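We name chains A, B, ... by the order of the sequence lines, and we start the count at 1 in each one. As the structure is a computational prediction, the values presented were derived from the model and not from experiment.
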Protein chains: 2
Amino acid sequence: MQVRRRIYDGVCRSGLRRRARITEGSRLPTIRDVAQHAGVAPSTVSYVFNGSRPISDETRRRVQEAVDALGYHPRASARTLRSSRTHVIALALPRPAGQRNAVDGPFAIEVSDAAVRLGYDLLLTTSQDKAEGLRRVALSGLADAAVLMAVDMEDARIDVVRELAFPAALIGRPADEDALPWTDLDWEEAAALVVSELAAAGHREMVYLAPTEAEVVARRSYALRGIAGATRGARSTGAAVTVAHAVDDPAGLARRLRVLLTERADGGAGGRPTALIVQHPSAHHHILTSVTDAGLRIPEDLTVVVIGALPGDPAGRRLPRVELPVETLAGEVTRLAVAAATALHETAAGDVEAGPRLLADAVGHLLIAPALLPGDMPLTAPRA
Amino acid sequence: MQVRRRIYDGVCRSGLRRRARITEGSRLPTIRDVAQHAGVAPSTVSYVFNGSRPISDETRRRVQEAVDALGYHPRASARTLRSSRTHVIALALPRPAGQRNAVDGPFAIEVSDAAVRLGYDLLLTTSQDKAEGLRRVALSGLADAAVLMAVDMEDARIDVVRELAFPAALIGRPADEDALPWTDLDWEEAAALVVSELAAAGHREMVYLAPTEAEVVARRSYALRGIAGATRGARSTGAAVTVAHAVDDPAGLARRLRVLLTERADGGAGGRPTALIVQHPSAHHHILTSVTDAGLRIPEDLTVVVIGALPGDPAGRRLPRVELPVETLAGEVTRLAVAAATALHETAAGDVEAGPRLLADAVGHLLIAPALLPGDMPLTAPRA
DNA sequence: ACATCGCGTCGAATCGATTCGACGAAGTGG
DNA sequence: CCACTTCGTCGAATCGATTCGACGCGATGT
């Protein structure tokens, strides 16, 4: 405190300030204040901070001391303006109001944590218009890279970031797998795995509860791939798998399940379904209640398996499930985004075409193989 | 598409750029490019954008045309550096890893939406060290204001923002209600209301399932206030209310509930509890399953009421509940934060002491009165 | 002994907006 | 008709960092 006062009174610069702008009062210290306090040039202080040139121990110590004494913290905007690095990652979470998804929050928090670990902050953009919000963030230079959630098979944002040569990585596997780096659970394999395990356990009739129809119509990647996997599993095992779309309203879901699970009487392999596979994230929590509401007992009447369950957030009783490795996916996608940003920045100077080319080359993927975890309930078919 | 292509090939800009700095390649247009294209001074373009001085219609038109032609978008960092406004709000969500809370995600998304509506972006900061992350954001000038979640009764962040004269608003009601603007559901009144309604419906023995012990130890505002309300309700109605802490593990929760709800045999008013009040956000989803696991039927054995339920995200069957008005709270807290930022900025120049004083004066609150919504289940006590 | 090199530091230019004083032109009142 | 305000615009300073060329100096090689 005393130190600060001394500085603001003593040297030429502050006197200059005082006279120039007496009305503004105390001001946060700048790099020049630090330099002056340490008796070095501002550039030297900068080098101490970002280590881009060698600094003697003595100078480093004096600068550090000045920083501590003044409580100096660099202004992000000034840093960014000059260096064109923001140290911010944008998380594009284009969820129309009312279409909440149980995984959004956990993903956002995990991405934020991962970003912090890499020295980045997270800008959360929840634009209705998926592409436009992202374009704005990129053009105004608010972030160095973007992490895209809720990825569609053909996602408009992919074109946007490629056109702008903006570093981005996806949580979700788009149709064009080489367009951008991405990470995802192998939903198709997960669904196929669950179907075949259930078939092996004796189930012949199953219901696959996919995400809502809206998600499918939007061609959301995980929804289509899950359904594809279920279909493939049915083909390869010979089991009958009815694909149904979830509804967000639990009462409606219970009604739909009743129809699907009890009143079903088509000319298939005969009996009613003995297994229910739930891929809809928002249904995980209350699926047991909905099933109960539909008049079915678990496991006596029905085996229930969940795909995409959040680790550590089990749906009441622990059902057999394929978990969504949120932390791994979030960590990796953040790493990919940061890597793309770093690479772009390092080679951007001096080569016009380097940026886009680089971004196109640097695509890495992480496709996580599904594992079927046991729950308290057996997989075995009731009648098997 | 065609338009865009034309722009990138045709106009003076690309030619000019090419010549000026051939090694750097194409560069995003700046305000000077726009000014040149429109035949005006850069400052005039700036005035067109932020309307701080009168501009003739003709000039406005020409500038707008140039902006469209060049696809100009102002750089946020330059704007911030000069004006010291970021148009960013920080959302401080200090959730230690593994302590996920079901309301965090929805709140974050609603605050983001509200911020966008007010012309702000949202920076999500999930620092472990509550105060330090916020201090860093404030000092580095990453945001104009902060919205604080997970508020404790005596929250360290309150001191930080006041010390730094940093605009902030809370989602949660701290002990010192006049320190900062805040919005909250009246948890105390909610709990008292539910207890008294249940008592009126004939219940004499109830269990109040409060948030986890960790939340209570941290003196989280909503947890303490909920418990206080339950206690008050018990006193005023004469009903026996046992306060219990939730555990995040559903199996453990079921076990605890079994003890609380069935094996309880103290010398109270006699019988076992007939009502369960659930305030723990993460238990809402699977409370029915946990109760069933504990061997109890609803509503035959037990009446369950939920406090702080997310609207539109019912816990399976629709229980009687007090909803948490996420959208209203998020919208209002964002408005408060922005108002504080605006006020501070407008009066900061010219008066040294104005900032802190202003922030202290401008505290507004929004305390939302609870409403007990009916569910499919009756409130009536089984034996009443 | 002299050219060379690397280390550590400085000074100045720069990033791209905002903002303020000034100024010509047009309008207004006495 | 002149003084005075208002309108619309310009030019230049400024925000606070980074970054690059240059430079002094001691060590090294021949």
message: Classify Ser46(B) by what it touches in the nucleic acid, base, sugar-phosphate, or nothing, heavy-atom distance under 4.0 Å.
response: base
- prompt: Is any side-chain N or O of Thr30(B) closer than 4.0 Å to OP1 or OP2 of dG16(C)?
  reply: no
query: Got a sec, which residues hit ring pair (Phe, Tyr, Trp, His ring centres under 6.0 Å) with Tyr120(B), two or more places apart in sequence or on another chain?
result: His87(B)
query: Base, sugar-phosphate alone, or nothing: which one does Tyr72(A) contact when heavy atoms must sit under 4.0 Å apart?
result: sugar-phosphate
statement: Sorted by chain and number, sequence neighbours left out, side-chain hydrogen bond (donor to acceptor under 3.5 Å, both in side chains) with Ser112(B) holds for Thr126(A)
Exercise: identify the closest heavy-atom pair between Arg32(B) and Pro42(B): CG-CG, 4.3 Å
query: Do Arg82(A) side-chain and dT14(C) base share a donor-acceptor contact under 3.5 Å?
result: yes
- line: Those residues at least two apart in sequence (or on a different chain) that pass salt bridge (Lys or Arg N to Asp or Glu O under 4.0 Å) with Arg117(B) are none
message: So, using side-chain hydrogen bond (donor to acceptor under 3.5 Å, both in side chains) as the criterion, who are the partners of Ser56(B) when residues are at least two apart?
response: Thr59(B)
- prompt: Are Arg135(A) and Asp159(A) within salt-bridge range, i.e. N to O under 4.0 Å?
  reply: no
- request: For Arg79(B), check salt bridge (Lys or Arg N to Asp or Glu O under 4.0 Å) against everything at least two apart and list the hits.
  value: none
field: Set of residues satisfying side-chain hydrogen bond (donor to acceptor under 3.5 Å, both in side chains) with respect to Gln64(B), sequence neighbours excluded
entry: Asp68(B)
- request: Quickly work out the Arg27(A) CZ to dG16(D) P distance and round it to whole Å.
  value: 6 Å
- request: Work out how much the helix from dA1(C)-dT30(D) to dG30(C)-dC1(D) bends between its end axes, five pairs an end, to the nearest 10 degrees.
  value: 30°
field: Protein proximity profile, nucleotides 6-11 of chain D - base contact B, sugar-phosphate-only contact S, no contact -, cut-off 4.0 Å on heavy atoms
entry: --SBBB
- request: Only counting residues at least two apart or in another chain, list the ones meeting salt bridge (Lys or Arg N to Asp or Glu O under 4.0 Å) with Arg75(B).
  value: none
Between the protein and nucleotides 24-27 of chain C, which nitrogen or oxygen pairs are less than 3.5 angstrom apart?
none

Non-neighbouring partners of Asp144(A) that pass salt bridge (Lys or Arg N to Asp or Glu O under 4.0 Å), sequence neighbours left out: none
message: Suppose the criterion is salt bridge (charged side-chain N to carboxylate O under 4.0 Å, His left out): which pairs have a residue in residues 40-58 of chain B, not counting sequence neighbours?
response: Glu58(B)-Arg61(B), Glu58(B)-Arg62(B)
